[in-house]
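Shown next, in structure tokens, is the structure this report addresses.
Lettering of chains follows the sequences in order, A, B, ..., and the numbering in each one begins at 1. We use all heavy atoms of the structure for the numbers below, so side chains are in, but hydrogens, waters and symmetry mates are not.
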Amino acid sequence: MARRIVKNKLFLTGMAIILPIAFLSIFAPLFCRYNPTDINIENALLAPSWQHPLGTDSLGRDLWARMLYGGRVSLSVGFVAVGISVIIGVLLGAVAGFYGGWVDEAIMRFVDMMLCFPSFFLILTLAALSKPSIYIIMFIIGITNWMGPARLIRAEVLSLKEQNFILAARSLGLPEHRIIIRHLIPNAIGPVLVNATLGIAAAILVESSLSFLGLGVQPPMPSWGNILTDAKSTLGVGWWITLFPGLAIFITVLGFNLIGEAVRDSL
Amino acid sequence: MGKYILKRMINLAVLFVGITAISFAVIKLAPGSPAGIYSFNAKVKTDVSKRIEKLYGLDKPLWQQYWIWFKNILKLDFGTSLTDGRKVIDEIKERIPITLGINLIVMFIIFSVSIPLGLWAGYKQGGLFDKFTTILVFAGFAVPSFWLALLLMQYFGVDLGWFPISGLVSVDFDYFTLPQKIFDVAKHLVLPVFVASFGSLAGLSRYSRSKTIEITRANYIRAALSKGLPVRIIVYRHILKGVMLPVITILGLSVPGLLGGSVVFETIFSIPGMGLLFYQAVMMRDYTLIMGLLVISAVLTLIGNMLADLAYAWADPRIRYRRN
């Protein structure tokens with residue numbers, strides 16, 4: 001699978017998008033002349049120039065620096081939130097599928113109930129009731145999006161647990177938790193990987209919408225979403241503040257979607 | 001049949017109780033107390049906040065609070081808003097028609113655009129049109145809706161001045177004649193509806209495309225081709241039917257997604273619907289209003305799922321006959 005995927009055009013395109021963005025974000029201090037939170041009112045709303053390659057915002061902060069540091073927020077929220085939802089979803093889904101009966105019934109009913117809510121409503125509520133920090137945002141997005149992985153892994157486990165290698169593991173007398181963790185989950189994880197890659201893209205979109213609405217990452221910490229909040233109030237004055245952060249979200253999400261598509265093809 | 005309906009009803013009841021329990025838990029387990037809103041002051045005397053807590057029954061054990069709240073909900077009494085003192089159910093009733101209306105238009109557009117798009121792309125798989133729509137679909141998946149809204153507002157609203165960028169009606173709406181009124185609302189709706197449809201459009205055209213490809217390979221299509229049925233009839237009668245069925249189901253399941261999206265576009269375009277109400281409730285930490293909106297939105301999802309099931313059963317004879 002690994003060898004096939006490296007030759008996949010979609011995968012290469014996706015990586016060609018994500019890797020530079022990740023590199024620039026991780027080593028942001030090396031590529032910035034300005035501090036992303038330094039306010040300089042005299043330089044407010046400057047158009048892109050040699051001095052400020054992407055211009056400045058309404059408080060005179062360098063947009064290029066804010067974009068790079070904002071990339072850290074988007075990427076880390078994407079990865080950690082999906083990590084949390086995959087861990088919750090995989091464990092619950094595997095337990096439901098493996099034990100069946102009332103355990104399965106209870107877990108899957110709970111999944112159905114959670115799926116009735118618009119997840120963005122739950123996320124907004126939790127974000128408003130807690131003091132939003134980047135870690136809390138990761139946690140909130142994670143605990144509201146584990147239902148997809150749970151359903152996927154349960155379906156896989158249901159078909160796997162009747163197969164010979166699991167029967168063999170059982171007759172060898174392996175403890176149940178060991179069968180689930182060492183034998184069932186690794187063999188059932190494929191579809192979840194696709195879901196997780198697409199989930200990173202979705203989590204980045206959710207974080208940016210949340211920050212745009214003022215309930216996500218709080219200023220002065222820059223995030224692509226909360227830079228766009230500024231863009232709304234300067235609509236018609238500074239096109240660069242609207243254009244660049246949105247473009248960054250668009251390209252990053254596109255990259256993860258392409259990779260997800262490639263992973264799906266290679267399964 | 002009777003047993004089937006009974007099973008479904010019990011299932012619905014269980015889901016409903018679960019929905020209310022989750023809505024209640026989300027609010028109650030969060031830090032901070034509603035009494036804090038009234039005081040507007042962290043140093044308010046403890047006996048005052050105790051009195052407020054008593055007034056709202058917040059001094060009772062959690063399960064009692066839940067039971068009282070649940071019984072009231074069954075009577076459609078969601079309590080009063082903590083910010084303006086109006087009945088929560090009245091506020092929601094005012095806003096629901098706007099959000100549902102817009103989302104019905106959105107669903108209609110998604111349905112009538114994505115199926116032909118997917119059908120054409122899938123039938124001529126690998127062709128120029130297919131490649132073009134694939135690119136469009138990937139773009140649709142990746143565009144943040146609020147950014148799209150900002151760009152459209154900037155270009156069509158501010159630069160060209162074609163469409164208004166906020167609200168549902170103009171200031172002098174009351175003095176308009178009826179056709180003018182309709183035109184005015186339509187003009188206000190163009191940008192929000194476009195933004196709301198764009199994302200889901202991508203997903204569903206992708207879906208109808210892959211469904212079309214799947215059906216084209218089925219034996220009954222091959223049989224139809226080999227007996228010499230014109231391609232036009234095969235596409236419009238046989239393939240279209242097979243694609244439309246699952247799309248109906250997906251539209252029914254898309255209710256929570258559309259409601260979640262309403263928050264974003266209603267807030268940006270200042271449209272006084274449920275989404276904006278939810279945003280305001282959240283910003284004001286209006287606990288009763290938030291709980292009411294959570295329950296109502298989940299119930300709308302349940303209704304959407306049920307309608308999708310019914311539509312599917314009605315449209316698919318295999319299910320219709322099995323049940324009778």
| message | Surrounding OH of Tyr66(B) (heavy atoms of other residues, nucleotides or ligands, distance under 6.0 Å), is the total greater than 12? | response |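 Counting other residues, nucleotides and ligands, OH of Tyr66(B) exceeds 12 neighbours.
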| request: Answer yes or no: does atom CE of Met221(A) have more than 12 heavy-atom neighbours from other residues, nucleotides or ligands under 6.0 Å? | output: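 No - once you tally the heavy atoms of other residues, nucleotides and ligands closer than 6.0 Å, there are 12 at most.
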| field | Evaluation steps, side-chain contact (heavy atoms from CB on, under 4.5 Å), between Leu122(A) and Leu294(B) | value | CA-CA 8 Å; Leu122(A) 287 180; Leu294(B) 281 176; 4.1 Å; yes
Just wondering, do [Y] and [X] contact through their side chains at under 4.5 Å, heavy atoms?
X         : Y         : answer
Phe117(A) : Thr301(B) : no
Trp147(B) : Ile249(A) : no
Phe250(A) : Leu148(B) : no
Phe278(B) : Thr125(A) : yes
Phe120(A) : Leu259(B) : no

If every non-hydrogen atom of [X] is compared with every non-hydrogen atom of [Y], which pair is closest and at what distance?
X         : Y         : answer
Pro118(A) : Gly260(B) : CB-N, 3.9 Å
Leu205(A) : Ala142(B) : CD2-O, 4.0 Å
Lys232(A) : Ile268(B) : NZ-O, 3.5 Å
Val26(B)  : Leu129(A) : O-CD1, 3.8 Å

To the nearest 0.5 angstrom, please state how far the [atom1] atom of [X] sits from the [atom2] atom of [Y].
X         : Y         : atom1 : atom2 : value
Glu261(A) : Phe141(B) : CD    : CZ    : 8.0 Å
Thr242(A) : Tyr155(B) : OG1   : OH    : 15.0 Å
Leu150(B) : Leu243(A) : CG    : CG    : 11.5 Å

| request: Could you give me the CA-CA distance, side-chain angles and deciding distance for Phe110(A) and Ile22(B), then say whether side-chain contact (heavy atoms from CB on, under 4.5 Å) is met? | output: CA-CA 10 Å; Phe110(A) 186 52; Ile22(B) 293 174; 3.8 Å; yes
| said: Heavy-atom cut-off 4.5 Å, strictly under: side chain, backbone, both or neither for Ile251(A) against chain B? | reply: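 It is neither, since no heavy atom gets under 4.5 Å.
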| Which atoms of Ile123(A) come close to chain B, meaning under 4.5 Å heavy atom to heavy atom: side chain ones, backbone ones, both, or neither? |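 Neither; nothing under 4.5 Å.
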Segment of [X] engaging chain A (4.5 angstrom heavy-atom cut-off):
X         : value
Ser262(B) : neither
Ile290(B) : side chain
Asn305(B) : neither
Phe138(B) : both
Ala139(B) : both

| request: Heavy atoms only, distances under 4.5 angstrom: which of Leu293(B), Val282(B), Leu300(B) has the most pairs with chain A? Name it, please. | output: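 So the answer, after comparing Leu293(B), Val282(B), Leu300(B), is Val282(B).
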| request: Count the heavy-atom pairs under 4.5 Å between each of Leu15(B), Leu253(B), Val158(B) and chain A, then report the option with the highest count. | output: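 The candidate making the most pairs under 4.5 Å is Leu15(B).
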| Side chain Arg109(A), main chain Val14(B), donor-acceptor under 3.5 Å |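 Here the side-chain-to-backbone pair does not exist.
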| For the side chain of Tyr279(B) and the backbone of Leu124(A), is there at least one donor-acceptor N/O pair under 3.5 Å apart? |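 Looks like no, no N/O pair under 3.5 Å.
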| field | Among the listed options Ser208(A), Cys116(A), Ala127(A), Gly214(A), the residue most often paired with chain B at heavy-atom distances under 4.5 Å | value |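 Top option by heavy-atom pairs under 4.5 Å: Cys116(A).
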| request: Begin from the C-alpha positions of Val263(B) and Leu213(A) and carry the test side-chain contact (heavy atoms from CB on, under 4.5 Å) through to its verdict. | output: CA-CA 9 Å; Val263(B) 177; Leu213(A) 291 175; 4.1 Å; yes
